[in-house]
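Contents: one structure, followed by commentary.
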Amino acid sequence: MTAAALPGRVRTRNPERLGTDRLAAALGAYRRFGSQAVVVDMGTALCVDLVTADGAYAGGIVYPGVDLSYRALRDRTGLPLPAFSVPGGGRPTGMPDTTEEALRRGGRVVVPSVVGGLISHVREFAGADLPAVLTGGGCVPFLDLFPEGLPYDPHLNLRGIAEYVRLTTGVCA
Ligand SMILES: Nc1ncnc2c1ncn2[C@@H]1O[C@H](COP(=O)(O)OP(=O)(O)O)[C@@H](O)[C@H]1O
Ligand SMILES: CC(C)(COP(=O)(O)O)[C@@H](O)C(=O)NCCC(=O)O
């Protein structure tokens, strides 16, 4: 899967440098919405990308992923990794009073806020009503915290691969 096989559809300065996962997710969003859209992919990195109404990749933002950030903190300090697999338990009350809860609270407060801020940033340039979609395994522990209008699609990359096949071969996958 390469940008070179999609002439004009990767509108960045160096299309060949675009991660294939970002290209796949953008094409998946195009297949899903058929319109301009914002893709939030929470994997090793947090990528927030823009796809145009005609299915082109139009640029995006990269930030270190949640798991990676906590691993870096652990490696530099010896602190434990927070247990995000524990169910959210609703809105927290009071200040965290253990190291574990302090670490966990950080992610639960920061992740929705960072994701919301990045989507708003893209919408400032591209349109306030732009639909957005979440994908990537890193979303899973935070799904209870995102607004209802922000769907999670774990198969966006696969939809994108199907779209890539359609665009490059004409065969509907
Ligand atoms: N089911 C899950 N629950 C919680 N975290 C997950 C889950 N699946 C993946 N992750 C986390 O998401 C990240 C990887 O997600 P993935 O979409 O596979 O990323 P990548 O595209 O970088 O391979 C890792 O940081 C991993 O810890
Ligand atoms: C930005 C990424 C590290 C994201 O990878 P992921 O988190 O999806 O595993 C990857 O898409 C990549 O290495 N991209 C190359 C640079 C670019 O897309 O501009």
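For ligands, and for the atoms within them, numbers begin at 1 and follow the listed sequence. Note that this is a predicted model, so its numbers are computed, not measured.
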In Å and rounded to the nearest 0.5 Å, what is the CD to OG1 distance from Glu163 to Thr168? 9.5 Å
Return the CZ to CZ distance between Arg108 and Phe142, rounded to the nearest 0.5 Å. 7.5 Å
What is the closest protein heavy atom to atom 16 (C) of ligand 2, and at what distance does it sit? Arg17 O, 3.3 Å
Only heavy atoms of Cys47, strictly under 4.0 Å: list the atoms of ligand 2 that pass. 1 (C), 4 (C)
So that I know where these two stand, are Tyr70 and Phe84 an aromatic pair - ring centroids less than 6.0 Å apart? yes
Verify the cluster assignment for Leu6 and Val165: are they in a single hydrophobic cluster under the rule of side-chain heavy atoms below 4.5 Å apart? no
Is there a path of hydrophobic side-chain contacts, each under 4.5 Å between heavy atoms of I/L/V/M/F/W/Y residues, joining Val110 to Val62? no
Looking at atom 11 (O) of ligand 2, what's its closest protein heavy atom, distance included? Asp21 OD1, 2.8 Å
For atom 17 (C) of ligand 2, what is the closest protein heavy atom, and at what distance to 0.1 Å? Arg22 NH1, 3.2 Å
Among all protein heavy atoms, pick out the one at the shortest distance from atom 7 (O) of ligand 2; state its residue, atom name and that distance to 0.1 Å. Ala45 N, 2.7 Å
Check ion pair Arg71-Asp75 (N to O, under 4.0 angstrom): no
Mind checking whether Thr44 contacts ligand 2 via backbone (N, CA, C, O), side chain (CB onward), both or neither, at a 4.0 Å heavy-atom cut-off? both
Within the structure, does Asp41 bring an N/O atom to less than 3.5 angstrom of an N/O atom in ligand 2? no
State the CZ-CD1 distance between Phe146 and Ile119, to the nearest 0.5 angstrom. 8.0 Å
Would Val51 and Asp49 count as a side-chain contact (heavy atoms from CB on, under 4.5 Å) here? Give the steps. CA-CA 7 Å; Val51 59; Asp49 293 308; over 6 Å; no
Would you check ligand 1 and list the protein residues that come within less than 4.0 Å of it by any heavy atom, ordered by chain and number? Gly43, Thr44, Asp67, Gly136, Gly137, Gly138, Val140, Pro141
Single-linkage hydrophobic cluster Leu68~Met42, side-chain heavy atoms < 4.5 angstrom: no
Are Leu150 and Tyr63 in one and the same hydrophobic cluster, where Ile, Leu, Val, Met, Phe, Trp and Tyr link if side-chain heavy atoms are under 4.5 Å apart? yes
Check this for me - ligand 2, Gly43, N or O atoms closer than 3.5 angstrom, yes or no? no
Proximal atoms of ligand 2 relative to Gly19 (non-hydrogen, under 4.0 Å): 11 (O), 14 (N), 15 (C), 17 (C), 18 (O)
Sub-4.0 Å heavy-atom contact, Gly65 with ligand 2: no
Protein non-hydrogen atom found under 4.0 Å from atom 13 (O) of ligand 2: no
For a side chain to side chain contact (heavy atoms under 4.5 Å, CB included) with Thr135, tell me which candidate from Leu156, Asp21, Val40 qualifies. Leu156
